[in-house]
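Each remark here refers to the structure printed beneath this line.
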Amino acid sequence: MGISVAPGSMTAEEIVSLSRQYTLYEWSAQGAVDPIAVDRAEGVYFYSPDGTRYLDFNSQLMSVNIGHGDRRVTSAIARQAEKLAYANPFMAHEPRARLGQKLAEVTPGDIDVFFFTNGGAEANENAIKLARQLTGAPRRWAAETGVWGVVRVPDSHRWGEAAPDPVDVSLRGLEEVIMYEGPQTIAAFILEPVVGTNGILVPPDGYIQGVREICSRHGILMIADEVMSGFGRTGTWWAVDHWGVVPDMITMAKGLTSSYLPLGAVGMRRSIAEGFRDRVFYGGLTYNSHPMGCAAALATIAVYEEDGLIEHARAMGEIMAGHHADLMARHPSVGAVRSIGLFGMIDVVRSRSPFEPMAPYNGTSDEMKAIAKYLRDHGLYTFLRWNGIHTNPPLIITEEQLAEGFAIIDGALSIADQSVR
Ligand SMILES: Cc1ncc(COP(=O)(O)O)c(C=O)c1O
């Protein structure tokens, strides 16, 4: 194929073609992937090489919280790259020192000590390793790879029209599993305080507090996975802040650097870190505390603070909830809407009662494909999953830009309305 060699000179078609030919796409049957070629991005928009503009209504992967192309972050990364691009994890360096101290300030309660990773999955894995080593409930090797020895509990905040179980029923269900397994065999309970990709499921008031109480009573560590919900996504620094709960560990990534560089972290209460004063923590990563990642995170946190982005997200979250309610009132194809801050979801249905999603769980449909095509053709990028339309824009979004995005979603839903019974 005659592909030009100068960097930045490939066409969108060339980029897509080579990407599909030589790279494997995640979560996809390779024959079905149809990626957008991205060339550059600024604010809430990104652009393909031919100049087509897309409004990013999902902050890429619910992660570019401060928006694209913020020079305060890119310059901090460049400066750090020139000074010290890498030091191994046994060293101490200024970005690591400052980021630990800064995170202690912005995380809940006495979460004061941080272990840095490359992203969210590793943050969760290491939180579980820490919990197993500390509680002496390892079941197997202290640092074995993969996820083993996990018992799952039902998610009682079901999606769609189903009313969530009352809080006491959910909590009783959790405690029954704990008693059946034996609390002494359980190192930790890990949960997303607001479930993200699986549908923006906001727990009823009392649930998170109840989990905290059950974990404390049984000597089980509570780990909040705030990889997606942290850093202002829900209109507070952390989702757990909505319920005034301090977990024993909190995992983060995505918004930590707004994805300008890969970085994750496990935050832990000082009492947990104290448990490793004389005991070895069996866990490590070549890129733990990467100087450039830490520098990117420090600059990103400064942007949240300087621009008041957490408060802005809360205010824009209310505007977004208004758009959701308006769509629900006008479109029979909207079966339910949910949001907290700028973390939102629209359930598209064939029928509200009985509740019939426009695509099956784990599947798609012609109607959802038509919605996807409409959004893309009209310059709106967001995450569509099964019958859901995610609405998770960067926290910098303005009222006008929200209106611009929801006008496009409005048009797409008019197509879906035609398939309502
Ligand atoms: C709640 C949650 N936890 C963990 C992860 C994994 O993070 P990463 O992809 O950075 O490894 C994700 C990714 O979407 C997530 O949403």
Side-chain angles (χ1 to χ4, degrees), residues 24-28 56-66 103 107 114-131 145-147 150 152-153 155 157 159 188-203 207-208 211 222-234 236-242 245 247 249-268 283 285-290 292-294 296-297 300 338-345 381-386 388 390-395:
L24 198 77
Y25 276 83
E26 57 181 56
W27 299 112
S28 305
D56 188 350
F57 238 45
N58 200 53
S59 313
Q60 286 302 301
L61 208 45
M62 299 88 158
S63 59
V64 187
N65 289 10
I66 63 163
L103 285 171
T107 45
F114 301 86
F115 177 77
F116 296 110
T117 65
N118 297 293
E122 283 178 354
N124 287 343
E125 271 174 35
N126 281 282
I128 292 166
K129 281 183 188 172
L130 283 157
T145 52
V147 181
V150 171
R152 293 174 174 81
V153 295
D155 184 346
H157 329 299
W159 59 317
F189 179 57
I190 181 167
L191 80 167
E192 288 180 80
V194 174
V195 174
T197 308
N198 280 337
I200 317 296
L201 308 176
V202 184
Y207 180 73
I208 300 293
V211 167
M222 175 179 176
I223 305 173
D225 174 349
E226 295 242 18
V227 169
M228 199 175 271
S229 58
F231 292 98
R233 176 54 59 198
T234 69
T236 49
W237 272 95
W238 309 96
V240 289
D241 294 342
H242 289 279
V245 162
M249 290 190 240
I250 191 163
T251 59
M252 63 195 80
K254 297 188 188 272
L256 172 58
T257 57
S258 272
S259 297
Y260 282 53
L261 281 180
L263 188 75
V266 186
M268 66 203 85
L285 301 156
T286 300
Y287 301 132
N288 160 7
S289 305
H290 196 287
M292 288 168 64
C294 291
T300 302
R338 291 179 293 284
S339 68
I340 179 168
L342 286 171
F343 211 16
M345 175 87 175
Y381 170 72
T382 196
F383 205 61
L384 261 58
R385 197 158 196 251
W386 315 330
H390 274 270
T391 61
N392 309 305
L395 311 188

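Remember, it's 1-based here, ligands and their atoms both numbered in the order they're listed. Predicted, not measured: the structure shown is a model, and the values here were computed from it. Because only heavy atoms are used, hydrogens play no part in the values below, and waters and symmetry mates are left out as well, while side chains stay in.
Close approach of ligand 1 to M228 is summarised as follows: ligand atoms under 4.0 Å from at least one heavy atom of the residue are 14 (O), 16 (O). Atom numbering of ligand 1 starts at 1 in the shown order; those under 4.0 Å from a heavy atom of N124 are 3 (N), 4 (C). Ligand 1 places these atoms under 4.0 Å from at least one heavy atom of K254: 12 (C), 13 (C), 14 (O), 16 (O).
To the nearest 0.5 Å, the span separating CG on N65 from CG on L342 amounts to 9.0 Å. Atoms NZ and CZ, from K254 and R233 in turn, are 10.0 Å apart once rounded to the nearest 0.5 Å. The line from CG of L263 to CZ of F116 is 6.5 Å long, rounded to the nearest 0.5 Å.
Judged purely by distance below 3.5 Å, without hydrogens or angles, the side chains of N126 and E122 never pair a donor atom with an acceptor atom. Side chains of T236 and H242: a donor on one and an acceptor on the other come within 3.5 Å.
Taking all heavy atoms of P193, G196, G264, G120 into account, the minimum distance to atom 8 (P) of ligand 1 is reached by G120. Residue nearest to atom 15 (C) of ligand 1, selected from N198, V227, I190: V227 (by heavy-atom distance).
For atom 11 (O) of ligand 1, the closest heavy atom belonging to the protein is A121 N, 2.7 Å. Looking from atom 1 (C) of ligand 1 to the surrounding protein, the closest heavy atom is E192 OE1, 3.1 Å. Nearest protein heavy-atom contact of atom 3 (N) of ligand 1 is D225 OD2, 2.8 Å.
The backbone N or O of V266 sits nowhere less than 3.5 Å from a side-chain atom of T251 that would complete a donor-acceptor pair.
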